[in-house]
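A short worksheet on the structure shown next.
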There are 2 protein chains.
Amino acid sequence: MTRKGVTLKDVAAAANVSRATAARALNSYGYVGDETAQRVQEVAESLGYRANRVAQALRSGQLPLIGYVPGDIQNPFFARIAHDLETELRKEKHNLLIASSEEDVAQEKELLESLRSLSIRGLILAPTSATDNRHIVSLAREIPTVLIDRVAKNVRCDSVVVDNEGGAHEAIDYLVANGHRRIGLLRDDSRIFTAQERLFGYQNSLQAHGIALDETLISVSRSTVEQAIEATIRLFNQPNRPTALFTVDSLMTQGALLALRSMGLSIPNDVSLVGFDDFNLATFTDPQITVVAQPISEIGPLAARLLLERLDGKKGAAREVRFPTRLIVRGSVAKPKKR
Amino acid sequence: MTRKGVTLKDVAAAANVSRATAARALNSYGYVGDETAQRVQEVAESLGYRANRVAQALRSGQLPLIGYVPGDIQNPFFARIAHDLETELRKEKHNLLIASSEEDVAQEKELLESLRSLSIRGLILAPTSATDNRHIVSLAREIPTVLIDRVAKNVRCDSVVVDNEGGAHEAIDYLVANGHRRIGLLRDDSRIFTAQERLFGYQNSLQAHGIALDETLISVSRSTVEQAIEATIRLFNQPNRPTALFTVDSLMTQGALLALRSMGLSIPNDVSLVGFDDFNLATFTDPQITVVAQPISEIGPLAARLLLERLDGKKGAAREVRFPTRLIVRGSVAKPKKR
DNA sequence: CTGAAAGCGCTAACAA
DNA sequence: TTGTTAGCGCTTTCAG
């Protein structure tokens with residue numbers, strides 16, 4: 001390990017000025033003689049001086065750090081947002097600190113504690129729970145926070161979400177319009193907020209069409225491909241199986257795809273399928289999958305912008321932006337077979 | 001914005017001890033009376049004290065921060081590694097700072113500067129360039145660094161890579177064994193190191209089988225689905241097109257898949273395909289894609305471990321771990337059609 | 001066992 | 001225009 005490097009003191013000494021003057025010259029604030037300033041800068045350059053952000057932060061109170069706590073960084077949805085956030089925040093010289101909650105409230109609490117102790121300037125969070133969130137409430141009072149994908153009760157901060165209910169509603173409408181009445185739902189337990197909203201969309205659409213809710217058509221699973229496979233198999237091993245399936249996120253859609261294939265059920269001949277959240281794979285399968293797409297490219301940049309505005313001192317009530325979804329019709333839905 | 005919070009001073013005052021004693025009690029080092037220690041801890045608890053890491057870092061010189069600079073966080077390969085790194089590092093109370101280089105050397109330089117000024121403790125990096133890396137050389141001398149996926153010339157630090165050449169070699173061997181002699185290569189320009197190694201494997205295998213290298217069968221593209229589509233189309237629009245294609249990463253494999261489909265070429269009847277790097281999608285397509293798989297689940301944890309050892313003060317020569325690859329035979333290769 | 005004091009690197013009143 | 005000084009919150013000798 002070499003020594004930590006050149007400090008302001010070294011620069012000041014080498015340039016024959018005080019540390020204060022050196023600081024002024026390098027950060028160009030206050031009054032500094034042109035000549036002095038230039039000299040200091042040259043010296044700094046030649047010594048390879050770089051400001052120590054930690055020391056700066058100790059004074060100013062904060063590091064140029066923004067925390068990002070998604071449910072899972074491996075989920076393409078959150079990875080995409082991570083990418084967009086980073087791009088936006090980098091423009092303002094902020095760094096992104098990423099820590100996945102793994103959809104676990106306890107872990108989320110720990111992570112937030114940890115981020116707080118690092119004196120982050122802002123936070124972008126996809127809360128794991130819609131209700132167990134007192135830790136978020138208190139944090140959001142201290143640190144500018146933007147919630148994405150899901151909102152959390154009682155937390156007063158900006159949020160960026162999509163119209164989960166509307167999207168689900170539209171998907172079910174579409175299936176019904178294609179003649180389906182026994183429509184299965186593969187839903188997620190952990191992402192409570194979105195799962196709940198999408199469930200409402202499902203229920204409301206069925207109700208609007210006068211179709212009674214049948215609990216045996218709803219299967220709950222964690223949001224992983226593996227778990228979704230099992231849940232799908234359970235659903236379709238029942239005597240009076242659904243003719244169509246709606247899955248609430250892309251991982252579950254993939255699981256359903258695999259499960260249906262393994263059961264020898266063909267899409268869309270035996271079963272129609274619509275998934276929430278578009279994904280690469282959806283266009284690679286045969287047939288391609290009909291999905292409810294979220295405007296994913298807008299979520300990250302907007303969240304970043306809202307946060308930056310708050311960091312700039314913008315006051316005012318919490319803003320909730322809710323993007324509409326869009327049904328992308330591809331080839332995974334057909335009329336149900338006569339029995 | 002509320003005030004920054006309870007400091008050690010507050011705790012000390014409330015517990016009627018000096019700051020030094022309070023620090024000792026809370027960090028349990030040095031001599032402290034049991035009773036005093038307990039009292040301090042209770043007071044700290046009740047006041048909601050949390051240590052300010054920035055201040056701690058100013059003294060110790062470093063924040064519990066590890067930088068991770070992948071080529072692109074959206075690439076599932078790097079996203080997976082990000083996840084694994086985070087899990088491992090979290091155990092040691094370290095936070096992961098993620099910043100994508102976007103495969104751009106200039107950006108990589110900027111990011112590394114930025115990370116350095118944050119006094120990160122360690123760095124995990126997938127270098128963008130195999131040769132333009134003086135900035136890495138100097139950084140690696142200051143900050144424990146582990147290179148992943150690619151190595152960089154002259155940089156003395158641990159690295160974790162896979163046997164790119166061997167993997168490519170095996171893939172081509174397999175194609176040749178299936179009767180192919182006109183084997184196309186879709187290669188990546190930016191990820192110079194891996195691309196180069198995989199190219200070697202391609203060349204060496206051909207040579208070993210006495211097949212002359214035909215430059216018209218090699219197409220270069222950036223590592224994105226879109227660019228790979230175009231490159232594939234160029235390749236297969238030639239008069240004497242290849243009977244098989246080897247793609248050097250999963251994004252390019254996806255691009256090739258889409259391109260071949262759009263050209264009405266069926267896999268494996270018209271064209272056989274083998275890709276480097278396994279990916280979800282490979283088992284969703286029909287036929288499933290034969291790939292050279294990397295032991296991706298081992299890369300992140302190992303890189304984290306190597307780094308942590310260095311942080312623990314481990315000395316010694318740079319270690320280069322090179323994992324073998326594994327050919328996973330699925331359904332995308334067949335004997336070439338007679339013409 | 002505990003406290004006083006110095007100082008990590010930087011910035012910002014306040015003086016000069 | 002520049003320097004002096006104090007101090008951000010914490011840890012760590014060194015005395016007591």
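Hydrogens, waters and symmetry mates play no part in the numbers below; they use all other heavy atoms, side chains included. Below, read A as the first sequence line, B as the second, and so on, with proteins coming before strands; counting in each chain starts at 1.
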Under-4.0 Å side-chain N/O to phosphate OP1/OP2 contact, Thr36(B) with dT2(C): yes

Which whole-number value in Å describes the distance from Asn52(B) CG to dG7(D) P? 18 Å

Measuring to OP1 and OP2 of dT13(D), would you say a side-chain N or O of Tyr29(B) lies under 4.0 angstrom away? no

Over all strands shown, is Ala57(A) touching base, sugar-phosphate only, or nothing at heavy-atom distances under 4.0 angstrom? nothing

Around atom OH of Tyr29(B), are there more than 12 heavy atoms from other residues, nucleotides or ligands closer than 6.0 Å? yes

Atom CG of Asn27(B) and atom C1' of dC10(D): how far apart are they, to the nearest Å? 9 Å

Nearest-nucleotide comparison on DNA chain C, the residue closer to the 5′ end among Leu58(A) and Ala37(B): Ala37(B)

Output the rounded distance in Å from OH (Tyr31(A)) to C1' (dA15(C)). 16 Å

How close or far is atom P of dG9(D) from atom CG of Asp10(B), stated in whole angstroms? 9 Å

What is the separation between atom CZ on Arg59(B) and atom P on dA5(C), rounded to the nearest whole Å? 16 Å

Nearest whole angstrom, please: distance from the P of dT11(C) to the CG of Leu26(A). 9 Å

Gap between atom CD1 of Ile120(B) and atom CG of Asn95(B) - 0.5 Å precision: 12.5 Å

Nearest nucleotide by nearest heavy atom, which residue falls closer to the 5' end of DNA chain C, Arg19(B) or Ala22(B)? Ala22(B)

Test applied, salt bridge (Lys or Arg N to Asp or Glu O under 4.0 Å); reference residue, Asp158(A); option that passes from Lys314(A), Arg310(A), Arg322(A), Arg305(A): Arg310(A)

If you pin Ala55(B) and Arg24(B) to their nearest nucleotides in DNA chain D, which one's is more 5'? Ala55(B)

Using whole Å, report how far CG of Asn16(B) lies from P of dA4(C). 12 Å

When you get a sec, tell me which of dC10(D), dC10(C), dG3(D) is the closest nucleotide to the side chain of Leu8(B)? dC10(D)

For Val17(A), report the nucleic acid contact type (base, sugar-phosphate, nothing); a contact means any heavy atom under 4.0 Å. sugar-phosphate

Report, as yes or no, whether the 6.0 Å neighbourhood of atom CZ on Arg134(B) holds more than 12 heavy atoms from other residues, nucleotides or ligands. no

Presence of Gln56(B) side-chain N/O under 4.0 Å of dG9(D) phosphate oxygens OP1/OP2: no

Does Thr21(B) have a side-chain nitrogen or oxygen under 4.0 Å from the phosphate oxygens OP1 or OP2 of dT2(C)? no

From CD of Glu35(A) across to P of dT1(D) the rounded distance in Å is 12 Å

In this structure, are over 12 heavy atoms from other groups packed under 6.0 Å from Glu113(B) atom CD? yes

